[in-house]
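Atoms considered below: every heavy atom in the structure, side chains included; atoms not considered: hydrogens, waters and symmetry mates. Quick caveat, the model's predicted, so the values are computed rather than measured. So that the names make sense, note that chain A is the first sequence line, chain B the second, and so on, each numbered from 1.
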Number of protein chains: 2
Amino acid sequence: MSVTIKDVAKKAGVSPSTVSRVLSNNTRISRETSQRVRDVMEELGYHPNIMAKSLVSRTTESICVILPKPAEELFLNMFFMELIRGIVTQANRSGYDVLISSGGSEQEEIEAVSRLLKGKRVDGAILLYSRKDDQVVEFLKNNQFPFVLVGRSEKFPDILSVDNDNVQAAYDATKHLISLGHQRIGFVSGPPNHIVSRDRMKGYVTALEEAGLEKRKEWIVEGEFLQESGYRAMSFFMNLPERPTALVVVDDLVSLGVLRGLYELGYKVPEDLCIVSFNNLSIAELSTPPVSSMDIGIYNLGYTASQALIQSIQHEGERQFQKRHIIPHRLVIRESSLYSPPKKP
Amino acid sequence: MSVTIKDVAKKAGVSPSTVSRVLSNNTRISRETSQRVRDVMEELGYHPNIMAKSLVSRTTESICVILPKPAEELFLNMFFMELIRGIVTQANRSGYDVLISSGGSEQEEIEAVSRLLKGKRVDGAILLYSRKDDQVVEFLKNNQFPFVLVGRSEKFPDILSVDNDNVQAAYDATKHLISLGHQRIGFVSGPPNHIVSRDRMKGYVTALEEAGLEKRKEWIVEGEFLQESGYRAMSFFMNLPERPTALVVVDDLVSLGVLRGLYELGYKVPEDLCIVSFNNLSIAELSTPPVSSMDIGIYNLGYTASQALIQSIQHEGERQFQKRHIIPHRLVIRESSLYSPPKKP
DNA sequence: AGAAAAAGTGGTTGCGCAAACGTTTTTGTA
DNA sequence: TACAAAAACGTTTGCGCAACCACTTTTTCT
């Protein structure tokens with residue numbers, strides 16, 4: 001069979017508990033003994049059985065990430081990959097493993113989470129979305145499992161979460177266009193039931209009001225986080241008698257649709273229409289022309305989420321930590337917004 | 001503490017082993033007993049402790065995925081996300097969990113894999129790359145751990161792997177351009193030490209030879225899997241006295257650089273230059289103009305890899321399974337290649 | 001010098017489960 | 001009716017480890 005702690009103990013002429021102490025870097029072990037045991041471990045090719053350790057220590061040193069079911073949506077891929085990169089990097093640095101799970105339905109998700117957490121396979125969970133009335137959040141909260149939400153929950157504002165200040169971010173993006181002299185600014189939004197859509201809309205409206213600029217219903221379009229939404233929005237916008245000279249777009253992928261629409265209609269970016277969007281995914285930089293985008297620090301979002309979760313696991317029951325983490329945003333200006341409209345008298 | 005198999009047994013008036021049998025759907029249990037035990041489980045909120053199960057059954061029902069260190073490269077993100085989606089989906093369907101791990105260096109990777117496999121935390125591993133003289137492959141092979149390689153190994157051609165027929169795929173892509181009447185076809189390749197670059201180059205050359213078309217050294221450029229490579233290649237190609245009328249490009253991201261380069265130089269795609277590339281990432285569809293791309297079934301690649309690995313875990317030591325899995329490819333034709341050059345006399 | 005504290009180590013138990021092996025009850029067959 | 005075989009369930013052990021309690025030896029303090 002495989003080498004156990006007993007084999008090492010026997011060979012090194014010490015007791016199993018001493019070997020265990022060496023493993024956990026217990027200070028009450030002399031340098032020599034420690035070294036001798038380590039040598040034997042090396043010699044026998046010993047590797048601690050993580051399962052046995054978990055069973056007795058009641059901690060697994062691993063966390064799980066729950067992917068939302070519509071992992072098919074493209075924009076999400078890049079977003080999530082970046083998030084997961086941050087999560088995995090931080091977790092590994094803290095000595096934690098990361099388990100990826102995805103459910104087909106919300107019910108399946110709960111079953112998976114239940115199996116993993118109640119079955120003591122993981123110590124905590126990261127949720128990558130903020131749906132309305134999320135059952136998984138409710139389940140985790142009711143069972144007092146450590147978890148962190150990337151996004152925010154309206155129902156439970158006090159849970160551990162990592163998010164951006166999307167209102168401020170949208171405000172800043174809109175301000176950028178205003179400072180370039182734009183007076184007619186439109187907004188292409190995402191699904192209205194997503195908190196992020198509403199937050200960004202709010203920031204956009206606030207900036208307009210503050211600058212005393214005109215708000216118009218027809219300059220706001222709601223859609224999905226998909227390219228088509230941006231594409232369709234263009235045939236609408238460009239047929240208006242008084243159309244905007246600049247747009248705030250809720251997501252880079254939507255912007256790509258906007259660009260495509262404008263291209264087919266024969267308009268030029270940024271001369272005919274300036275664009276600022278959100279997330280700063282790779283496609284924002286790679287599109288033609290490159291799109292100005294609000295970088296929301298996706299990697300940082302994941303990194304911080306992982307950090308907060310592990311911290312709350314390790315210091316469970318102790319003092320309370322910061323519940324809500326806000327990741328800073330930063331506007332990356334590119335060609336798509338580098339144009340000032342001609343002044344009107 | 002938490003509810004154990006014993007608690008359930010006591011409450012249901014049966015022995016712990018009966019409960020265990022119910023858990024594993026052992027047929028030697030009467031309907032009534034089974035149902036009674038299940039009811040008690042439900043009542044007490046029992047959930048089997050996965051660690052204890054793993055410890056005694058010597059299987060974890062989970063696999064790990066090793067991310068390569070340069071997870072920073074952008075093109076890879078979408079590629080990997082897609083791969084991981086396939087892996088996780090299939091694994092979950094088979095009742096397996098997926099653990100994501102990434103090492104900073106090759107040595108760190110080996111340590112991580114060693115810890116996970118020797119520590120019995122996972123039953124097998126999936127490697128997402130095919131480096132030359134990969135130490136991780138060697139380690140896994142030497143220790144006889146179940147693993148599957150996405151790609152192929154030149155050193156160990158007999159290991160379990162999932163790959164495309166990249167030679168044939170490149171041949172098909174080139175044939176497509178030839179059938180449109182192109183006679184001067186260039187190739188933008190990736191790093192020459194990557195097996196995939198070499199395979200695709202080979203297919204390209206074969207197609208040219210078969211069609212009796214001219215091959216020229218200066219119509220082939222090698223670079224990285226990065227946008228810049230494509231960008232730089234253009235200033236080179238377009239300054240040639242006799243430049244190609246069509247290009248085969250090794251990856252979609254590189255194609256994006258090609259498009260950018262041509263745009264800045266004032267050339268039109270496909271009129272001045274036709275393009276066919278590989279991988280069919282989302283950016284191929286979303287770019288301006290959309291790029292014809294060889295779909296290599298990335299999701300399928302991951303799905304199959306997971307399937308093959310789990311199969312080999314579950315039937316270890318039994319009959320041999322298919323070692324090498326080839327995922328079919330399919331050319332998706334878009335605007336970038338829809339142009340036939342004017343016939344020369 | 002003697003007591004107390006500290007350092008260094010060992011023996012044993014039990015985490016929660018599956019599997020090996022045993023026992024009892026039921027069913028089928030001659 | 002006998003009696004074997006199958007069905008249904010029970011008892012016990014041990015997976016590999018950490019934690020608890022105990023013990024001895026050394027050091028420090030008064």
Rounded distance in Å - [atom1] ([X]) to [atom2] ([N]):
X	N	atom1	atom2	answer
B:Leu55	D:dC15	CG	C1'	4 Å
B:Lys6	C:dG16	NZ	P	9 Å
B:Met51	D:dA18	CE	P	14 Å
A:Tyr46	D:dG16	OH	P	10 Å
B:Arg31	C:dT26	CZ	P	19 Å
A:Lys53	C:dC17	NZ	C1'	21 Å
B:Arg121	D:dC17	CZ	C1'	14 Å

Short side-chain N/O contact from [X] to OP1 or OP2 of [N], under 4.0 Å:
X	N	value
A:Ser30	C:dT9	yes
B:Arg58	C:dA18	no
B:Ser15	D:dG10	yes
A:Thr18	C:dG10	yes
B:Ser20	C:dC17	no
B:Ser2	C:dG16	yes
B:Thr33	D:dC9	yes

Against A:Ser161, only a single residue in A:Lys323, A:Arg324, A:His325 fulfils side chain to side chain donor-acceptor pair (under 3.5 Å); can you say which?
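That would be A:Arg324.
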
Tell me, with the steps shown, if B:Val40 and B:Tyr46 meet side chain to side chain contact (heavy atoms under 4.5 Å, CB included).
CA-CA 8 Å; B:Val40 173; B:Tyr46 170 77; over 6 Å; no

Distance-only polar pair, side chains of B:Ser62 and A:Arg121, donor-acceptor under 3.5 Å
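The answer is yes; a qualifying pair exists.
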
Side-chain donor-acceptor pair present, B:Thr59, B:Lys53, cut-off under 3.5 Å
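Their side chains do not contain a donor-acceptor pair, so the 3.5 Å distance test is not met.
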
Please tell me which of A:Arg21 and B:Arg21 maps to the more 5' nucleotide of DNA chain D, matching each residue to the nucleotide holding its nearest heavy atom.
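Counting from the 5' end, the first nearest nucleotide belongs to B:Arg21.
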
More than 12 heavy atoms of other residues, nucleotides or ligands under 6.0 Å from NZ of A:Lys141: yes or no?
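Yes - once you tally the heavy atoms of other residues, nucleotides and ligands closer than 6.0 Å, there are more than 12.
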
Map A:Arg36 and A:Pro16 onto DNA chain C by nearest heavy atom, then report which one ends up closer to the 5' terminus.
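The 5'-side residue here is A:Arg36.
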
